[in-house]
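Each remark here refers to the structure printed beneath this line.
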Amino acid sequence: MTLSWSALLPAAGDYRDATPPGSPSLVDALPLGHGLSLSVVADGDAGLHVVPLVAESRAGAGDGAAEGLVALLAEGDAAIGKFRVRAWHGVAVSGERAVTVDQTNESVIVGDAAVVKWMTQVPEGRHPAPSLLEHLEAAGFTGMPQPWGVVEWSPSPEAEPRLLATVAEYVADAVDGWTWAVEDVRAGTAGGGEAVGRLVADFHRALAPTARPAAAEEVAAWRTGAVADLERAIEVTEGAAGDLLVRHADAVRAAFAEIPESGLVMRVHGDLHVGQVLRAGGAASYDYRLTDFDGNPVVAPAERIREQPAALDVAGMAQSFTHAGIVTRKHNPDLDPVAVTAAAEAGRAAFLDAYRAGLGDAGALLDERLLRPFALRQVCREFTYAATHLPRWSYVPEAALLMALEES
């Protein structure tokens with residue numbers, strides 16, 4: 001099969017704006033029927049890419065590759081060559097349309113019932129989503145779009161499986177958290193803070209059987225990892241944002257020095273913020289769902305699957321309510337900034353209160369001592385994310401850093 005990047009580039013993805021160097025070559029392919037396949041394509045030293053193919057070209061929405069994958073999942077678990085199909089739910093449905101928002105990976109809605117997400121690039125090592133979804137399924141957790149299944153691929157029998165695609169329930173009319181949270185703050189309400197607090201508490205209770213005392217080296221890694229996140233942020237952040245970070249680095253290090261020397265770890269989301277919470281339905285009965293179990297994009301792949309303190313998720317979500325207020329102030333200069341900040345912090349407080357209450361007899365999962373240092377660690381990661389992925393986001397960690405340090 002002769003392949004060319006001009007025929008393989010996705011409509012959205014990490015390499016959509018430039019043709020990768022070298023010539024693509026087909027490494028492996030999972031047949032999806034009717035001349036379609038889910039393929040692994042190599043680009044020399046640049047890595048491996050996930051490409052749904054129709055003949056020798058990339059399959060887009062309407063070509064049937066996503067339909068073919070959903071139909072394959074409907075047949076149940078399967079091992080096909082180096083591919084492993086893990087199916088939990090779903091039926092064969094038809095009709096494809098693209099998800100048009102800008103995103104790192106590429107998604108297709110099938111039959112207004114399921115969302116197929118192609119991973120675009122084959123991630124290094126084991127991906128956190130399959131095993132995490134399996135835990136949640138076994139626990140009966142329903143606060144997420146129902147997972148239908150995943151496809152993994154192992155380059156060799158001894159290699160870790162790599163995630164190529166996921167399929168989950170399509171939640172009609174769902175609104176992204178960075179939209180609904182900002183709308184709520186703009187309206188001057190505490191928003192979905194209470195509902196999200198209950199949702200995250202249910203999520204952690206479902207994962208509570210994975211909790212265990214942290215080993216000494218894991219506890220040490222909380223502090224060294226936080227300092228490393230700060231140093232990484234300083235390294236990649238330039239200009240006024242970089243100067244701000246350097247000026248306050250000692251205060252951030254002092255907060256990291258307060259990280260305790262013992263605690264519990266468990267499976268967590270790892271990248272929890274309001275943007276990972278979909279909201280559907282009307283104001284009288286909003287439905288909130290957790291989504292995107294890929295882990296933090298600025299964290300090394302091997303770390304994304306490690307057990308972590310529950311406070312990592314809680315601090316990240318709480319911090320994001322503050323960030324929603326910063327976003328609202330930025331884009332609504334006509335609003336009273338004091339009132340906007342008050343609404344955002346009310347949402348944050350409602351989240352934390354509802355989360356603590358929702359844990360109930362599992363309250364030991366949350367170590368309150370970790371909330372502030374982990375919030376600052378998240379701010380450092382936001383600096384890195386802005387510098388390496390989304391420069392226009394830089395104003396958020398800049399403001400968040402000052403607010404977090406003022407709280408002390």
Does [X] reach the side chain of [Y], with side-chain heavy atoms less than 4.5 Å apart?
{"X": "S154", "Y": "R162", "value": "no"}
{"X": "M144", "Y": "L136", "value": "yes"}
{"X": "V252", "Y": "L401", "value": "yes"}
{"X": "R84", "Y": "V151", "value": "no"}
{"X": "L32", "Y": "L72", "value": "yes"}
{"X": "E258", "Y": "R223", "value": "no"}

Hey, are [X] and [Y] close enough for a salt bridge, meaning a charged N less than 4.0 Å from a carboxylate O?
{"X": "E303", "Y": "R381", "answer": "yes"}
{"X": "D112", "Y": "R97", "answer": "yes"}
{"X": "R253", "Y": "E231", "answer": "yes"}
{"X": "E307", "Y": "R212", "answer": "yes"}
{"X": "E134", "Y": "R86", "answer": "yes"}

| field | OG1 on T237 to CG on L245, rounded to 0.5 Å | value |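 Rounded to the nearest 0.5 Å, the CG-OG1 separation comes to 5.5 Å.
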| request: Enter the distance from L376:CG to I259:CD1 here, rounded to the nearest 0.5 Å. | output: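 L376 CG to I259 CD1: 9.5 Å, rounded to 0.5 Å.
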| task | Report the C-alpha distance between L366 and Y355 in whole Å, list the side-chain angles of each, state the deciding distance to 0.1 Å, and finish with yes or no for side-chain contact (heavy atoms from CB on, under 4.5 Å). | result | CA-CA 10 Å; L366 177 64; Y355 175 81; 3.8 Å; yes
| Under the salt bridge (charged side-chain N to carboxylate O under 4.0 Å, His left out) criterion, do E106 and K117 qualify, and how do the steps go? | CA-CA 6 Å; E106 184 177 15; K117 180 165 74 172; over 6 Å; no
| task | Could you tell me which residues satisfy side-chain contact (heavy atoms from CB on, under 4.5 Å) with T189, sequence neighbours excluded, listed by chain and number? | result |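 Partners of T189 by the side-chain contact (heavy atoms from CB on, under 4.5 Å) criterion, ordered by chain and then number, come out as D184, A187.
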| request: Apply the test salt bridge (charged side-chain N to carboxylate O under 4.0 Å, His left out) to residues R205 and D361: give CA-CA distance (whole Å), side-chain angles for both, the deciding distance (0.1 Å), then the verdict. | output: CA-CA 10 Å; R205 287 179 67 90; D361 58 6; 3.1 Å; yes
| request: Starting from the C-alpha separation in whole Å, work towards a yes-or-no answer on salt bridge (charged side-chain N to carboxylate O under 4.0 Å, His left out) for D229 and R377. | output: CA-CA 7 Å; D229 282 337; R377 185 178 187 182; 2.6 Å; yes
| message | Among L30, V27, L38, which residue satisfies the side chain to side chain contact (heavy atoms under 4.5 Å, CB included) criterion with W153? | response |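 Answer to the side chain to side chain contact (heavy atoms under 4.5 Å, CB included) test with W153 among L30, V27, L38: V27.
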Modelled atom types, side-chain donor and acceptor of [X] and [Y], under 3.5 Å:
{"X": "E169", "Y": "W148", "result": "no"}
{"X": "R348", "Y": "T322", "result": "yes"}
{"X": "R329", "Y": "T341", "result": "yes"}
{"X": "H127", "Y": "E160", "result": "no"}

Over all atoms of both residues, closest heavy-atom pair of [X] and [Y]:
{"X": "A206", "Y": "A139", "value": "O-CB, 3.6 Å"}
{"X": "L405", "Y": "A251", "value": "CD2-CB, 3.9 Å"}
{"X": "L365", "Y": "H204", "value": "CD1-O, 3.9 Å"}
{"X": "D63", "Y": "E96", "value": "N-OE1, 3.4 Å"}
{"X": "D367", "Y": "A311", "value": "O-CB, 3.9 Å"}
{"X": "S131", "Y": "I305", "value": "OG-CD1, 4.2 Å"}

| request: Just say parallel, tilted or perpendicular for the rings of F293 and H269, cut-offs at 30° and 60°. | output: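 The arrangement is tilted - the two ring planes meet at 30° to 60°.
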| task | Determine whether more than 12 heavy atoms belonging to other residues, nucleotides or ligands lie under 6.0 Å from atom CD of E368. | result |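 It does: E368 CD has more than 12 such atoms within range.
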| said: Determine whether the aromatic ring centres of residues Y288 and W180 are separated by less than 6.0 angstrom. | reply: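 Yes, the ring of W180 comes within the 6.0 Å limit of the ring of Y288, centre to centre.
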| query | Are R279 and Y286 in a cation-pi setup, meaning NZ or CZ lies under 6.0 angstrom from the ring centre and within 45 degrees of the ring axis? | reply |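 The answer is yes, since R279 meets both limits relative to Y286.
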| For E398 and S394, what are the C-alpha separation, side-chain angles and deciding distance, and is it a side-chain hydrogen bond (donor to acceptor under 3.5 Å, both in side chains)? | CA-CA 6 Å; E398 290 176 48; S394 181; 2.7 Å; yes
